[in-house]
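Nothing here was measured: the structure is a model prediction, and the numbers come from that model.
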Amino acid sequence: MLDVPLCYAGLELQTSTGLVRLHAESSAVMLSGQQVAVLAVLITARGTPLSREAIWAAMPRGYRPPTAAQIGVVIANIRRKIGAARILTGADGWWVRDPIAPEPVDGTDVLSFGSLRLDAEHRYVFDGPARFVRLGPQEFAVLRVLVEARGVPRSRSGIWSSLPPHDRPATIAAVGVLIHHLRERLGPDRIITGGGGWRLAGPAGPRPRAAEWAGVRLERTTSETWLAGQNAPVKLSPQQAEALQVLIDAQGEPRSGAQVRDGMSVRARPKNALAVGSVISRLRRKIGRDRLATGRAGWWLTDPALAQVGGERRIPMRAHCG
């Protein structure tokens, strides 16, 4: 062990004695030899997140626990002594932070929506005045897409294509896994499923009165749909109009019965996902079978003017990834 004090983020660790001075509190606590070894590694990292394996490997051999999996237990004991706010945890591991350090100020590197504020430089997420977490690169990139959407649902493929190439997962399906991780970190009610994708809970902007995709235009206020090449609208039931809205929002991405149902308002939802098939069947009769395709992945809108290739509509390759 080094016989010199280590200082960072308001901590002063005397490695020879195990004494830790907490500058903000003007107090001191004693750590065990194993706890000193772990804290010394975190202080030396100076705010860079370290995994349990990296911490274990950096410790002197005589102080290492039997396995890297036990590092979390040691850190939990350290946090009880010096304060939980001093050692933060995230997708990349643990790191030391000064609990009285100021929050980021508004600027070009700070994005916000509702009570969430994102520090793009350090990948911090501030949730109100007292809670903050640090996310992994891919998690932060997905959350940034949702923040920039300002409460408008983003589809799985829409999120994936909006991610920077170096933060993009290998498959579109992996976006759902990242959303799951974000819900675990931020709370299950922070991210809402519906409208053909995911959106952040908060002050969503007003939706436009009409939606359009692939030659299909839906007037929300009247539940009428205008089809390219036809001079008169087609009247839909409110339930059919909401199902069509989900498919328009999906922009060609297949949607299963459960996904269509989740995207509809509570008052218009069928009793279960299987009943969505009946709604879609009636909708197809009204707008035309060539405009609403079906496959193993679900249903999606097609543009008849573009979809005919060799006389057959092929399922998009991305349908197998979602």
For the residue pair Gly72 and Arg52, what are the closest heavy atoms and their distance? N-NH1, 3.8 Å
Look only at the side chain of Tyr8 and the backbone of Ile43, and say whether a donor-acceptor pair between them is shorter than 3.5 Å. no
CG-CG distance between Leu244 and Leu292, expressed to the nearest 0.5 angstrom: 7.5 Å
Could you list the residues that satisfy side chain to side chain donor-acceptor pair (under 3.5 Å) with Arg285, not counting sequence neighbours? Ser281
Side chains of Ile55 and Ile75: does their closest heavy-atom pair fall under 4.5 Å? yes
Short question: side chain of Gln259, backbone of Ser256 - any donor-acceptor pair under 3.5 Å? yes
Check side chain to side chain contact (heavy atoms under 4.5 Å, CB included) between Arg21 and all other residues, then give those that pass, not counting sequence neighbours. Glu12, Leu19, His23, Ala28
Between Arg190 (side chain) and Ala201 (backbone), is there a donor-acceptor pair under 3.5 Å? no
Going by atom types alone, do Ser32 and Gln34 pair a side-chain donor with an acceptor below 3.5 Å? no
Working for side-chain contact (heavy atoms from CB on, under 4.5 Å), residues Leu186 and Leu143: CA-CA 10 Å; Leu186 304 177; Leu143 183 60; 3.9 Å; yes
Side chain to side chain contact (heavy atoms under 4.5 Å, CB included) against Arg217, all qualifying residues, sequence neighbours excluded: Ala210, Glu212, Glu219, Trp226
Roughly how far, to the nearest 0.5 Å, is OG1 of Thr171 from CZ of Arg156? 9.0 Å
Ile179 vs Leu146 side-chain heavy atoms within contact, under 4.5 Å: yes
Evaluate Ile280 against Thr294 for side-chain contact (heavy atoms from CB on, under 4.5 Å), listing each step before the verdict. CA-CA 10 Å; Ile280 297 293; Thr294 184; over 6 Å; no
For the side chain of Arg269 and the backbone of Arg261, is there at least one donor-acceptor N/O pair under 3.5 Å apart? yes
Taking it one step at a time, do Val147 and Arg144 satisfy side-chain contact (heavy atoms from CB on, under 4.5 Å)? CA-CA 5 Å; Val147 167; Arg144 180 168 186 163; 5.6 Å; no
Determine yes or no for a side-chain-to-main-chain donor-acceptor pair under 3.5 angstrom, with Arg183 supplying the side chain and Asp189 the backbone. no
Show which residues join Ile192 in its hydrophobic cluster (side-chain heavy-atom contacts under 4.5 Å, direct or indirect), or state none. none
For the pair Trp56 (side chain) and Pro65 (backbone), establish whether a donor and an acceptor sit closer than 3.5 Å, ignoring hydrogens and angles. yes
For a quick test of your reading: what N or O donor-acceptor pairs under 3.5 Å do the side chains of residues 227-243 make, sequence neighbours left out?
{"unit_1": "Lys235", "atom_1": "NZ", "unit_2": "Thr222", "atom_2": "O", "d": "2.3"}
{"unit_1": "Ser237", "atom_1": "OG", "unit_2": "Gln240", "atom_2": "N", "d": "3.1"}
{"unit_1": "Gln239", "atom_1": "NE2", "unit_2": "Ala268", "atom_2": "O", "d": "2.9"}
{"unit_1": "Gln240", "atom_1": "OE1", "unit_2": "Ser237", "atom_2": "N", "d": "3.2"}
{"unit_1": "Gln240", "atom_1": "OE1", "unit_2": "Lys286", "atom_2": "NZ", "d": "3.0"}
{"unit_1": "Glu242", "atom_1": "OE1", "unit_2": "Ser265", "atom_2": "N", "d": "2.6"}
{"unit_1": "Glu242", "atom_1": "OE1", "unit_2": "Ser265", "atom_2": "OG", "d": "3.0"}
{"unit_1": "Glu242", "atom_1": "OE2", "unit_2": "Ser265", "atom_2": "OG", "d": "2.7"}

Does NZ or CZ of Arg255 lie under 6.0 Å from the centre of the six-membered ring of Trp300, at an angle within 45° of the ring axis? no
Measuring from Glu139:CD to Asp167:CG, what's the distance to the nearest 0.5 Å? 11.0 Å
Check whether the side chains of Arg291 and Thr302 place a donor and an acceptor atom closer than 3.5 Å, and report yes or no. no
Any side-chain to backbone donor/acceptor pair from Lys81 onto Leu31? Under 3.5 Å, distance only. no
Any side-chain donor-acceptor pair under 3.5 Å between Arg154 and Ser161? no
When hydrophobic residues are tied together by side-chain contacts of less than 4.5 Å, even through go-betweens, does Leu247 share a cluster with Val279? no
Please answer whether the main-chain N or O of Pro153 pairs with a side-chain N or O of Arg199 as donor and acceptor at a distance below 3.5 Å. no
Taken to the nearest 0.5 Å, the spacing of Met30 CE from Gln35 CD works out to 10.5 Å
Non-neighbouring partners of Thr44 that pass side chain to side chain contact (heavy atoms under 4.5 Å, CB included), sequence neighbours left out: Leu6
Distance-minimising heavy-atom pair for Pro169 and Ala174: CB-CB, 3.5 Å
Does Arg282 have more than 12 heavy atoms from other residues, nucleotides or ligands lying within 6.0 Å of its CZ? yes
Steps toward side-chain contact (heavy atoms from CB on, under 4.5 Å) verdict (Val38, Tyr63): CA-CA 9 Å; Val38 170; Tyr63 291 91; over 6 Å; no
